[in-house]
Amino acid sequence: MNTQSLHIQMVDLKGQYNKIKAEIDTEVLEVVSSTAYINGPKVKSFQANLERYLGVKHVIPCANGTDALQVALMALGLKQGDEVIVPSFTYVATAEVIGLLGLKPIMVDVDVATFNITASIIEQAITPNTKAIVPVHLFGQSADMEAIMTVANKHNLFVIEDNAQAIGADYTFKDGTKKKTGGIGHIGCTSFYPSKNLGCYGDGGAIMTNDDTLAAQIRMVANHGQSRRYYHDVIGVNSRLDAIQAAILDVKLKYLDTYNGARQRAAAYYDTQLSNIEGIKIPTRQHNSTHVFHQYTLLVKEGKRDALQAYLKEQSIPSMIYYPVPLYDQLAFKEHIEDGFKLPNTEILCDEVLSLPMHSELDEGQLEWICNQVQAFFKL
Ligand SMILES: *Cc1c(COP(=O)(O)O)cnc(C)c1O
């Protein structure tokens, strides 16, 4: 087997585009010739379709996932120094916007099996200054939202879900009802960055809520703080989803379940081939959430993670470390963190995680080759 000819990538945007090229090209050209570049019918259509898909009352499209988080926090009317609980093992954006707005990020540990924060971890971090929690559904699996909402309601806290990596995942409550992630907390945020499970061809994001008052506030903040044109009630931002991106997303939303299904099949293949290798741990599946595998992330034990990554690279197999540095060790958060602050599970994860190629276009030949190489490494 010629490894180069397999051309294995972390994500395969080109392969995915080629399958829907005709539809996408038509839609993009339609926007261009319509000249409705800002808001307009494509944005409205995508917004309505995403509301239906997620089962939420309001979707407010915006410019990117980081803006979604920022606008969501701005809409809550918090004051300087208010505390917002956030996992220390996530993409920087989740905590960055908290610091940006003059709020205090309170970083908490995550569960080592699910990579997500839990209700009990959150509860230990609550103080009289705590105002909000931002759970992240990391790598495509929901945090335990029922328990988190219970704690939040008990302490009167807002919950903003960072759903950038889990769009399409279903969370099941104890009574059997199911909800899509992003539609469970007071506000949900997502990103349409190209490599996300639902990605556009540039930047994009959305905010969702079932609360009419919050929706009005979010819309206002995202639109220069105006509720009526040229009447500005609060300091806001300009954050819009581009009409061309909305047209692309409206096409791709129809295929989201198919894409997530392909990811789940790839993950199942990895599972069967890698589960009995001593020295690695395959991703844990929660009983109350589906997993849409934004990433397929292994734990590599005994300090072998970097050697495995180097070995795979020699075989032209890419892999990524999401995330190598705990957020509390990032210089940007220095003023918010005490010297020597460490969280044990975050430390373990930053040392052991390795994400294998994961996207909707992986074929069995590629998966077989990747698994063979991982197996070969551990037999060395
Ligand atoms: C991608 C991502 C974001 C930010 O989205 P952008 O669209 O890149 O701004 C936020 N949080 C998480 C967990 C993400 O994965």
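Atoms within each ligand, like the ligands themselves, are counted from 1 in listed order. The shown structure was predicted, so the numbers you read here are calculated from the model rather than taken from an experiment.
- Considering backbone and side-chain N/O atoms, Ser191 comes within less than 3.5 Å of an N/O atom of ligand 1.
- Residue Lys313 qualifies as open at atom NZ: its count of foreign heavy atoms under 6.0 Å is 12 or below.
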Compile the donor-acceptor pairs under 3.5 Å between side chains in residues 63-77 and protein atoms, sequence neighbours left out, one pair per line.
residue : atom : partner : partner atom : Å
Asn64   : OD1  : Thr66   : N            : 3.0
Asn64   : OD1  : Asp67   : N            : 2.7
Asp67   : OD2  : Ser239  : OG           : 2.6

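- Scanning the protein for heavy atoms near atom 2 (C) of ligand 1, the closest one is Lys196 NZ, 2.6 Å.
- Looking from atom 4 (C) of ligand 1 to the surrounding protein, the closest heavy atom is Thr66 OG1, 3.6 Å.
- Residue-to-ligand polar distances keep Leu69 apart from ligand 1: every N/O pair is separated by 3.5 Å or more.
- Here the straight-line distance linking atom CG of Asp170 with atom OG1 of Thr181 works out to 8.0 Å at 0.5 Å rounding.
- Atom OH of Tyr193 sits in a sparse spot, with 12 or fewer heavy atoms from other residues, nucleotides or ligands closer than 6.0 Å.
- Closest to atom 15 (O) of ligand 1, if we only count protein heavy atoms, is Gln165 NE2, 2.8 Å.
- The part of Asp162 lying near ligand 1 is the side chain, judged by heavy-atom distances below 4.0 Å.
- With sequence neighbours excluded, the residues forming a side-chain contact (heavy atoms from CB on, under 4.5 Å) with Tyr91 are Ala93, Tyr323, listed by chain and number.
- Within the listing of ligand 1, atoms 7 (O), 9 (O) sit less than 4.0 angstrom from a heavy atom of Asn64.
- Heavy-atom neighbours of Lys154 NZ from other residues, nucleotides or ligands within 6.0 Å: at or below the threshold of 12.
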